[in-house]
Structures are given as C-alpha cells and as structure tokens.
Amino acid sequence: MHQPCSIAPLNHLNHINLAPSCRLGARLRGVAFALLGISFSPLLLAQTGPWYLSAKAGVAEFELAEPFQRSIALAGAQYQSDVKDTGVALGLGYQLNPNFALELHYGDLGEVKLSANSALPPVQIDSTLETQTVALDLIASFPATEQLHVYAKIGAVHWDIDSDTTLIDRLDASNNNRSQVNGDGVSAKFGIGARFDLNEQFALGLELEQFNAGERDLTGRERLRLANATLIYRF
C-alpha cells in the first residue's frame with residue numbers, strides 16, 4: 001500500500017523514517033537544486049575582480065626636438081626620415097575604485113629610420129632608432145554614459161633607445177664605419193582616452209599619449225606621440 005508523505009515538525013526530523021516515495025521526492029529535489037546551481041555557476045564565474053589586462057596597438061610618431069642634422073653635420077647634405085612605425089604594448093592594471101586605476105605596461109614602439117646623403121664629401125649616413133618602454137600610469141576615468149568613459153592619465157616611463165648608425169664612403173669602402181649606441185632614462189608621460197565597456201569583462205578604447213625620450217649627445221632628443229587602440233580584459 002502506498003504510504004503518504006507527511007512533514008514532521010523540525011524537532012522530530014532526526015527520528016522519522018521517510019517512506020520510499022518521500023525519499024524519491026527528496027532525491028529529485030536535490031537533483032533539481034544541483035542543476036539550478038550548475039546553471040547559475042557561469043554567472044558566478046563571470047564576476048570580475050579589480051585586476052585587468054590590456055593590449056594596445058597603434059601608431060608611434062617620433063618628432064626630433066633636437067634636429068638630426070646636428071648629430072651628423074654634413075655640408076650640403078640631404079636628409080630623409082621615416083618617423084612613424086607600429087607600436088604595441090601589453091599591460092597589467094589594478095582598479096583602485098570606480099574612478100582611479102594603476103597600470104603597468106611594456107611597450108615596443110618600433111623604429112625610426114634617418115639618413116643623410118652628401119656629394120662633398122661623397123658619404124651616406126644611415127641611422128635606425130629602436131625604442132622600448134616600461135611605464136607606470138595613474139588613470140582617472142569619468143563616466144560619459146553608462147558604458148562610455150573618458151579618462152586622463154599621468155605617469156612615468158622608462159625608455160630604452162638603441163641607435164645603429166652606418167657611415168658609407170662611396171669612394172673608399174675601407175672607410176665605412178658602423179656604431180651602435182644605447183641610451184635610457186625616465187620621463188614624465190601624459191595621455192587622454194575613451195573606453196567603451198562591452199560587458200563586465202571586456203572593453204575597447206582609444207587613447208593618445210606623449211612623452212620625451214633620448215639623450216642629446218647620444219641618440220638625439222625625441223618627442224614620441226602614440227595613438228593606440230586598446231582591448232581590456234577584466235578578471
């Protein structure tokens with residue numbers, strides 16, 4: 001005979017023996033709660049913490065604040081330069097609060113190519129500058145809409161410039177000469193940008209940055225301007 005399932009008072013739960021149908025119902029409820037928990041687990045995993053990763057790519061433009069002609073002064077020389085290249089950077093950030101964050105990143109800003117040609121003396125000078133950076137920024141952001149934020153950043157950047165210069169004597173190859181020079185230092189860096197939040201984990205951004213780098217007597221003084229597109233992943 002089928003036994004009805006009854007609910008005992010709470011203080012008697014330790015002493016009752018459930019009928020088979022009650023035990024089956026309890027198991028089914030347990031399975032249902034387990035499935036419900038599994039269905040909600042991705043939402044729990046999607047909760048993000050204060051840390052985030054950023055990947056940047058864009059254009060690095062080099063402006064020679066100290067004219068390149070001064071470092072290779074040749075009478076009547078014609079100078080050429082290619083002062084734009086692709087720059088990339090990878091960063092690790094920490095969100096201090098909704099409006100402020102700290103970000104540490106490494107950047108490779110490509111290379112600048114400079115050349116000088118002279119008829120008298122008949123020589124050619126080719127120089128390449130490669131720049132890497134490590135920077136720490138404080139970022140202050142403010143919401144324009146629910147998803148769009150604008151921000152300003154200020155920080156310090158450690159730059160490292162490798163200069164590779166070759167002198168070619170068009171009359172006597174034995175006079176050809178190649179020199180490699182490394183210069184590094186720390187400068188202040190400034191930037192502005194905008195970020196669009198796709199969801200809690202991903203965001204896209206655009207930003208402009210500027211800082212000075214280089215040594216007057218070694219590689220020449222440069223002003224670097226960066227225009228980057230940014231992908232942010234929060235975890």
Side-chain angles (χ1 to χ4, degrees), residues 41-63 65 83-112 129-162 182-216 218-219 221-235:
S41 60
L43 298 178
L44 297 176
L45 292 174
Q47 299 297 319
T48 59
W51 294 96
Y52 65 89
L53 297 174
S54 65
K56 305 178 183 181
V59 177
E61 181 179 6
F62 299 75
E63 177 187 333
V83 295
K84 291 184 179 180
D85 202 359
T86 300
V88 296
L90 294 175
L92 175 65
Y94 185 84
Q95 196 73 38
L96 300 171
N97 57 45
N99 297 108
F100 292 94
L102 286 174
E103 184 174 321
L104 176 69
H105 59 81
Y106 165 80
D108 186 335
L109 306 185
E111 63 181 25
V112 176
L129 305 179
E130 296 182 352
T131 305
Q132 292 82 38
T133 61
V134 176
L136 178 63
D137 295 325
L138 174 64
I139 302 172
S141 62
F142 307 93
T145 66
E146 184 177 353
Q147 293 178 290
L148 180 64
H149 293 70
V150 294
Y151 62 85
K153 61 196 304 187
I154 183 172
V157 54
H158 178 273
W159 44 263
D160 187 292
I161 298 178
D162 294 318
N182 174 265
D184 65 288
V186 177
S187 301
K189 182 163 70 73
F190 310 92
I192 57 173
R195 185 190 76 241
F196 184 81
D197 294 331
L198 300 174
N199 51 43
E200 290 187 357
Q201 288 184 296
F202 291 96
L204 295 175
L206 293 173
E207 68 178 23
L208 299 174
E209 298 179 289
Q210 177 176 300
F211 63 92
N212 292 332
E215 297 180 8
R216 182 177 292 108
L218 291 177
T219 60
R221 193 68 170 167
E222 304 172 338
R223 181 176 293 115
L224 282 80
R225 295 188 180 96
L226 312 174
N228 294 321
T230 306
L231 173 63
I232 295 173
Y233 170 71
R234 304 182 183 94
F235 60 95

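What you are looking at is a predicted structure, and each value in this text was computed from that prediction instead of being measured.
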Regarding Glu207 and Lys153, does a basic nitrogen lie under 4.0 Å from an acidic carboxylate oxygen? yes
Report the relative orientation of the aromatic rings in Phe202 and Tyr233; use parallel for angles under 30°, tilted for 30 to 60°, perpendicular for over 60°. tilted
Could you walk me through whether Glu209 and Arg225 pass salt bridge (Lys or Arg N to Asp or Glu O under 4.0 Å), step by step? CA-CA 6 Å; Glu209 298 179 289; Arg225 295 188 180 96; over 6 Å; no
Between Trp159 and Ser187, do the side chains contain a donor N or O and an acceptor N or O under 3.5 Å apart? yes
Do Leu102 and Leu96 have side-chain heavy atoms sitting under 4.5 Å apart? yes
Point-to-point distance, once rounded to the nearest 0.5 Å, from CD1 of Ile161 to OG1 of Thr133: 10.5 Å
Side chains of Tyr151 and Ile192 in contact at under 4.5 Å (non-hydrogen atoms): no
So CG of Leu92 and CG of Leu53: to nearest 0.5 Å the spacing works out to 6.0 Å
Looking at Glu200 and Arg234, does any basic side-chain N land under 4.0 Å from a carboxylate oxygen? no
Does any non-hydrogen side-chain atom of Val59 lie less than 4.5 Å from one of Thr86? no
Check: Glu103 main-chain N/O paired with Asp137 side-chain donor or acceptor under 3.5 Å: no
Would Lys84 and Glu111 pass as an ion pair if we require N to O under 4.0 Å? no
